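Computed from a predicted model, the values in this text were never measured in an experiment. No hydrogens, no waters, no symmetry mates; every other heavy atom, side chains included, goes into these values. Along the sequence shown, residues carry numbers from 1.
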Amino acid sequence: MQHKGSVFYDFDFSIKRPLYSIRQLFRDLKCCLDRIRKGYCVKDLWEIDTWFLGIMPEMLEEFDRRKNSYPNAFFKQCVQKHEKELPVSREKFLISGAWDFPELYEKMDTEAYEAWGSTLMEMADLMRKAWCAGWKFGDGWEYRLQCQKKALEMFQTYFNDLWD
């Protein structure tokens, strides 16, 4: 019988069934080696959705801690938001803003950096809710599916920006 999730289970090993326990130990060690080599094992294949929703929030949070920039679209959104504050046209500011208007550029740069970080954290939070929320609420499956759908849409939107 295939068990899901963790590699080692206490109930897999029994003194009453020594041959089965030894075979199971070797299967579990093979799964450990597969996870080291490939990043996944046979047990993960049967629960790919929970593996993805369990691993991705932690990866996105780690990415948020280690990021050093943000997608260009976030800066353009900040420039559009503060367009009334610009002393020159938006195009001129995008070309020479860092040199000609360092304070304003720094303000928008910081705002775009923080917006990217909050977007990453929102994706992680939605993925975590998609995994956990179904067990906490009475109508949790519907809420879980909504969170999962929104998280995957955001992930798809920003997938090519996760290269930093």
Q | side-chain contact (heavy atoms from CB on, under 4.5 Å) between Leu120 and Phe63, worked out | A | CA-CA 8 Å; Leu120 290 171; Phe63 183 74; 3.4 Å; yes
Throw together a table of side-chain donor-acceptor distances under 3.5 angstrom for residues 54-62, partners on residues two or more places apart or in other chains.
unit_1	atom_1	unit_2	atom_2	d
Glu61	OE2	Arg128	NH1	2.8
Glu61	OE2	Arg128	NH2	3.4
Glu62	OE1	Arg65	NH2	2.7
Glu62	OE2	Arg66	NE	2.3
Glu62	OE2	Arg66	NH2	3.1

Q: Please lay out, stage by stage, how Gln24 and Leu29 fare under the test side-chain contact (heavy atoms from CB on, under 4.5 Å).
A: CA-CA 9 Å; Gln24 188 62 40; Leu29 289 173; over 6 Å; no
Q | Residues in salt bridge (Lys or Arg N to Asp or Glu O under 4.0 Å) contact with Asp64, at least two apart in sequence or another chain | A | Lys67
Q: For Lys150, check salt bridge (Lys or Arg N to Asp or Glu O under 4.0 Å) against everything at least two apart and list the hits.
A: Glu122
Q | Inter- and intrachain pairs under salt bridge (charged side-chain N to carboxylate O under 4.0 Å, His left out), touching residues 93-105, at least two apart | A | none
Could you measure the distance from the [atom1] atom of [X] to the [atom2] atom of [Y]? Nearest 0.5 Å is fine.
{"X": "Cys147", "Y": "Leu152", "atom1": "SG", "atom2": "CG", "result": "11.0 Å"}
{"X": "Gln148", "Y": "Phe52", "atom1": "CD", "atom2": "CZ", "result": "9.0 Å"}
{"X": "Cys32", "Y": "Arg27", "atom1": "SG", "atom2": "CZ", "result": "14.0 Å"}
{"X": "Thr110", "Y": "Tyr105", "atom1": "OG1", "atom2": "OH", "result": "10.5 Å"}
{"X": "Leu126", "Y": "Leu53", "atom1": "CG", "atom2": "CG", "result": "10.5 Å"}
{"X": "Leu33", "Y": "Cys41", "atom1": "CG", "atom2": "SG", "result": "10.5 Å"}

Side-chain donor-acceptor contacts of residues 73-84 below 3.5 Å, not counting sequence neighbours, with atom names and distances?
unit_1	atom_1	unit_2	atom_2	d
Lys81	NZ	Glu111	OE2	3.1
His82	ND1	Glu85	OE2	2.9
His82	NE2	Glu111	OE1	2.8
His82	NE2	Glu111	OE2	3.3

Q) What residues form a side chain to side chain contact (heavy atoms under 4.5 Å, CB included) with Thr157, not counting sequence neighbours? A) none
Q: Answer with yes or no after comparing the ring centroid distance for Tyr158 and Trp116 against a 6.0 Å cut-off, counting only values under it.
A: yes
Q: Let me see the working for Lys92 and Leu86 under side-chain contact (heavy atoms from CB on, under 4.5 Å), right down to the final yes or no.
A: CA-CA 10 Å; Lys92 277 189 176 181; Leu86 298 177; over 6 Å; no
Q | CD/Glu91: more than 12 non-hydrogen atoms of other groups inside 6.0 Å | A | yes
(Q) If you define the side chain from C-beta out and look only at heavy atoms, does anything of Val88 sit under 4.5 Å from Phe101? (A) yes
Q | Min side-chain heavy-atom separation Asp109-Glu114 under 4.5 Å | A | no
Q) What are the two closest heavy atoms between Ala151 and Met127, and how far apart are they? A) CB-CG, 3.7 Å
